[in-house]
Amino acid sequence: MDLHVLHHPLVDHKLTVLRDKNTPSNIFRELVSELVTLEAYEATRNLEVSDREIETPICKMTGKHLNRPRPMVVPVLRAGLGMLDGMTRLLPTAEVGFLGMKRDEQTLDIITYANRLPEDLTGRQCFLLDPMLATGGTLIAATHYLAERGAKDVTAINILAAPEGLKRLEKELDPSIDFKVVVCAVDEHLNDKSYIVPGLGDAGDRLYGLID
């Protein structure tokens, strides 16, 4: 597993405002989108490209363009949906799939309740979007879900990560998967409810409001 933590003054500033419990949902959503765009720059550094002959107004030249099949962006519902605009702003030609997963707050088991993905992901570079990498259970389940469809190159883009979740990924992920994680920060630890500390609370609720 390859871990990349963004170290940049703009990231630190935006993340501080994001964490603040007094930041309203509309600003929270804007900041998530902005942070994901910054993360996407690093996450897409190794996108596969091929030569392409073009002609500029001055002369002919050999440029680069993204290989096919196109990259696949997969937000993990519901909170991952708030990251989609920020990712597609930088990678507008990507295809988008959806994966609905949630954690049972009592057992901490991962429940898959929806998917909208191609049956064959062979050769696709896949990007999983989920704001919080807490216990790691959802990310492991989602990655193996993609791998069952042939994906071997998976990058997770998260706003925050907990050390416990990162350790679990190292231990439980299939080593045959080329797996990378891009985060804005690695926080201190998980509390007894498996929330990241200091964290930013429930990302889904802060993006979209509480659901009874």
Side-chain angles (χ1 to χ4, degrees), residues 1-12 14-15 18 32-50 64 66-76 79-80 83-84 86-91 93-97 99 101 110 117 121-190 194 196 199-200 203:
M1 183 183 79
D2 180 27
L3 172 66
H4 183 89
V5 183
L6 270 62
H7 295 288
H8 193 284
L10 281 177
V11 172
D12 294 341
K14 293 176 187 295
L15 189 55
L18 194 74
V32 166
S33 183
E34 291 171 5
L35 284 168
V36 172
T37 298
L38 293 171
E39 289 185 281
Y41 182 81
E42 291 297 332
T44 57
R45 187 174 292 278
N46 295 316
L47 279 177
E48 297 176 358
V49 296
S50 301
K64 301 291 184 182
L66 296 180
N67 283 355
R68 288 184 174 274
R70 290 180 289 169
M72 174 66 65
V73 176
V74 184
V76 179
M83 304 171 71
L84 183 57
M87 186 70 185
T88 55
R89 182 179 297 121
L90 195 69
L91 194 60
T93 59
E95 290 188 325
V96 178
L99 189 56
M101 290 185 161
I110 304 303
L117 293 168
L121 292 172
T122 303
R124 306 291 288 268
Q125 290 179 283
C126 297
F127 297 88
L128 279 170
L129 309 181
D130 197 0
M132 312 297 279
L133 198 175
T135 66
T138 298
L139 194 51
I140 290 168
T143 300
H144 287 160
Y145 200 92
L146 298 181
E148 289 171 2
R149 286 156 176 75
K152 292 297 183 182
D153 185 339
V154 179
T155 299
I157 299 178
N158 311 103
I159 303 296
L160 297 178
E164 296 92 332
L166 292 170
K167 290 178 182 178
R168 185 177 175 187
L169 289 173
E170 289 272 19
K171 181 179 179 181
E172 297 185 22
L173 271 179
D174 185 337
S176 68
I177 303 170
D178 181 8
F179 185 77
K180 297 169 282 294
V181 180
V182 179
V183 299
C184 294
V186 177
D187 274 8
E188 297 173 7
H189 60 88
L190 296 177
S194 294
I196 298 175
L200 50 77

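Everything quoted here is computed from the prediction, not taken from an experiment.
The structure places CD1 of I196 at 11.5 Å from CD of E188, a figure rounded to the nearest 0.5 Å. The structure places CG of D2 at 7.0 Å from NZ of K180, a figure rounded to the nearest 0.5 Å. Atom CD1 of I140 sits about 11.5 Å away from atom CG of D174, to the nearest 0.5 Å. To the nearest 0.5 Å, atom CG of residue D153 and atom CG of residue L121 are 11.5 Å apart. Expressed to the nearest 0.5 Å, how far NZ of K167 lies from CD of E172 amounts to 14.0 Å. A distance of 10.0 Å separates CG in D130 from CD1 in I159, rounded to the nearest 0.5 Å.
Of the candidates L84, L91, L129, L84 is the only one forming a side-chain contact (heavy atoms from CB on, under 4.5 Å) with V96. Each of L18, T37, L200 was scored for a side-chain contact (heavy atoms from CB on, under 4.5 Å) with V32, with one residue passing: L18.
The backbone N or O of K14 lies less than 3.5 Å from no partner atom in the side chain of E34, so there is not a single donor-acceptor pair. Checking side-chain atoms of T155 against main-chain N and O of F127 turns up no donor-acceptor pair under 3.5 Å. In this structure, the side chain of E48 does not engage the main chain of Q125 through any donor-acceptor pair within 3.5 Å.
In plain terms, the two heavy atoms of G80 and P75 that are nearest each other are O-CB, 3.4 Å. Here the shortest heavy-atom pairing between G97 and M72 reads N-SD, 3.4 Å. Nearest heavy atom pair, residue M87 against residue T44, reads CE-CG2, 4.1 Å. Between V5 and A185, the closest heavy-atom pair is CG1-CA, 4.1 Å. Residue E39 comes nearest to V182 through the heavy atom pair OE2-O, 3.1 Å, listed as atom of the first residue, atom of the second, then distance. Of all the heavy atoms in M132 and A203, the pair that sits closest is CG-CB, 4.0 Å.
Annotation: side chain of L139 is in contact with side chain of F179 (closest heavy-atom distance under 4.5 Å). Here the side chains of L146 and L117 are in contact, with some heavy-atom distance below 4.5 Å. The shortest side-chain heavy-atom distance between V11 and L35 falls under the 4.5 Å cut-off. Side-chain contact between D178 and K152 is absent, with no heavy atoms from C-beta onward closer than 4.5 Å. Taking 4.5 Å as the limit, some side-chain heavy atom of L47 sits within range of a side-chain heavy atom of P71. Taking the side chain as every heavy atom from C-beta outward, H7 and D12 never approach each other to under 4.5 Å.
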Intermediate values then yes/no, side chain to side chain contact (heavy atoms under 4.5 Å, CB included), T143 and L169: CA-CA 10 Å; T143 300; L169 289 173; 5.9 Å; no
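Between E42 and R45 there is a salt bridge, since a side-chain N of the basic residue sits under 4.0 Å from a carboxylate O of the acidic one.
For R70, the CZ atom counts as densely surrounded, since its 6.0 Å shell holds more than 12 non-hydrogen atoms of other residues, nucleotides or ligands.
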